[in-house]
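Here is the structure we will look at.
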Amino acid sequence: MPSGTLGRPVKFIYLRFMKTRIVCLPIAVLLFAMNHAACYGQSMEQMWDTTSNKKQQPNAQWFKEAKFGLFIHWGLYSKLAGSWKGKRYYGSGEWIMNVAKIPVREYEKVAADFNPVNFNATKWAMLAREAGIKYLVITAKHHEGFAMFDSKVSDYNIVKATPYKNDPMKALAEATRKQGIRFGFYYSQFVDWHEPNGGKNTWDFDESKKDYQLYYQQKAIPQLKELLTNYGPLGIVWFDLPGGLTKQETQSLVDSLHKLQPQSLFSSRVGQGLGDYKDFGDSEIPPVPINDLWESIYTHNDSWGYIRHDMNFKSSKEIIQLLAKVASRGGNLMLNIGPDGEGNIPYYSVKYLKETGRWLQANGESIYGTEYGFVPAQPWGVTTRKGSKLFLHVFNRPKDGKLLAPGFPNAVRSVYSLADKKSLAWKKTNTDLIINLPAFKSDAPSTVFVIEYACGAPSYDAKAPVTISSQFETNTVEAIKATTWGEAAIKSITFSHYYGDWKHETCITGMKAPGDSTTFSIRVTQPGDYSVILDYSCGRESAGQEGRVTLNGNEFLFKTLRTSEYDKAAPLLFIKKPVAIVNFTKAGVYSLNIHPIQQGPELFKLKSVILEPM
């Protein structure tokens, strides 16, 4: 019997055409055609696989406790630094070969000038440790197809094709482990613009004529086996953009690689729901806590690979608050940096990573090894939990210094500042815990306080009323907190700024008729006047429609304003439009309802409702 792909016997299916002719085709041929149909025309974000196998992983505890990882994108694109033939590109620098449609033979010449003599594995690893990083993942081969390691499978690698002649991956793997940091590789298993049979190079090769199986057999699988064989124990193999394989073939790939390193965790982008943990889309955080093993990936500026003219770096305050938010929802943050073509890490990446590390030295207990807190996000910040301790990450200090932690049924043993362990005065009324906060710097990224409590942790209440307080300049009621009716629905909307600079917003969509409504439960803690602001995006077709807000027995009318059309490849613009002032004469729980007045197109995409004290 003839053998099929990956050593399997070929089976046959009989297809009848025009009721007169029977054609015998091997399943491998049909799967080949179906894989082409499925892969051809897919956009990058459509190829993200955010589903995992949800099995209990015996070696996953370290990942669950790590919380903070470092991603490094480094390749030939780092040498180009976002420019090609005098033209500057913005967005994802590692995609420049695709965006500029650089022919393979021209792009290959970049390797002749790639000589990262300033690369120092020890300094990189020491920076990671100083930043509080617990695991590090670096690109062994990105979509450009160039191997940043000594591959015997293809000469298109840093040792054989560049004047550098060394294997930086070997050095970094050893240096990272010496610093007590788990090491892992990123590998683009399907997209390979250098190979005639690799995925997604449509400017040099005819995608419809490619033999993906041959590419996997001749390059991707052998190189993956090199990485899992020659570089010591790997904490993670971070796959990216699956394609060209059926679920059975992907399972065979996963099984064969796990035999080499059973303890290694595979990211969900291996495809077909077969990853060991879930990776969300680029720059995406789930809006509520989830229990699965998961990771959120963000880059430090706008690009993943180095771009000389991209100076939009996140401050240490932004990194720390992002890390706290991710941890408060039960996941890990892997923050990316992009070294340049000489092997230098950008100045601001070094500066802000070190500042983040200093914060973690004092506050790491509130991040590492934690789970999401049972008190939902508040106007003051977020919570994490470890054992019988609840950590309050305070981003915004209430004006009167009295912090409300609602939904706290447990007996309280003590309350104190994490940094100096000083006890704080507190008062408990039913399930409300009021803490008297000390003075602290208003620009502090996150000041952490600890509540030690008795008995087990209560469940997270996703439907708890959203706290509205005059002690804060802004109170945001996010879309995820809504109860929807009719055709209204809560959806994650994906769009981009620069190419590959992905953004995600959870919005309420589908409100087209009066019965398509949205209701929020809010808890006003201080009486007074509040401005009601709708934060939404609205296209041309939806603009000019009337809607109604019902709150505290009053009805307020508004007319939608055009912001921008929805295009996933372009920015989605939002407007914060005040629509009313409402007076609350007493504290309490209120219902806020929004709906269209007439039948029509979608009213808008509602990101949040904001209440600001007057």
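A quick note: this is a predicted structure, and the numbers were derived from the prediction, not measured. Along the sequence shown, residues are numbered consecutively beginning with 1.
At distances below 3.5 Å, at least one donor-acceptor pair connects side-chain atoms of Q526 with backbone N or O atoms of S470. Listed for the Q378 side chain is no donor-acceptor partner under 3.5 Å among the backbone atoms of A405. A distance-only check finds no donor-acceptor pair linking the side chain of D529 to the backbone of I581 [under 3.5 Å].
The minimum heavy-atom distance between L573 and T563, with the atom names listed, is O-OG1, 2.9 Å. Considering all non-hydrogen atoms of both residues, P398 and L437 come closest at CD-CD1, 3.9 Å.
Here the side chains of N363 and I320 are not in contact, with every heavy-atom distance at 4.5 Å or above. A heavy-atom distance below 4.5 Å is not found between the side chains of I96 and I307. Taking 4.5 Å as the limit, every side-chain heavy atom of I290 sits out of range of all side-chain heavy atoms of Y372. Contact check for W294 versus R329: side-chain heavy atoms found under the 4.5 Å cut-off. Residues L353 and L335 form a side-chain contact, since some pair of their non-hydrogen atoms from C-beta on lies under 4.5 Å apart.
A salt bridge is defined here as a Lys NZ or Arg NE, NH1 or NH2 lying under 4.0 Å from an Asp or Glu carboxylate O, and K64 with E371 fails to meet this definition. Of the charged side-chain nitrogens involved, none lies within less than 4.0 Å of a carboxylate oxygen, so that D432 and K402 do not count as a salt-bridged pair.
Note: F71 and H73 meet the aromatic proximity criterion, with ring centroids under 6.0 Å apart. With ring centers used as reference points, F584 lies under 6.0 Å from Y590. Less than 6.0 angstrom separates the ring centroid of F266 from the ring centroid of F239.
Of the options Y566, F558, F604, F574, a ring-ring contact (aromatic ring centres under 6.0 Å, His included) to Y536 is made by F604 and by none of the others.
By the side-chain contact (heavy atoms from CB on, under 4.5 Å) test, A513 pairs with D516, Q599, sequence neighbours left out.
Ring-plane geometry between Y453 and F374 is classed as perpendicular, the angle between the planes exceeding 60 degrees on a 0 to 90 degree scale with a lower cut at 30.
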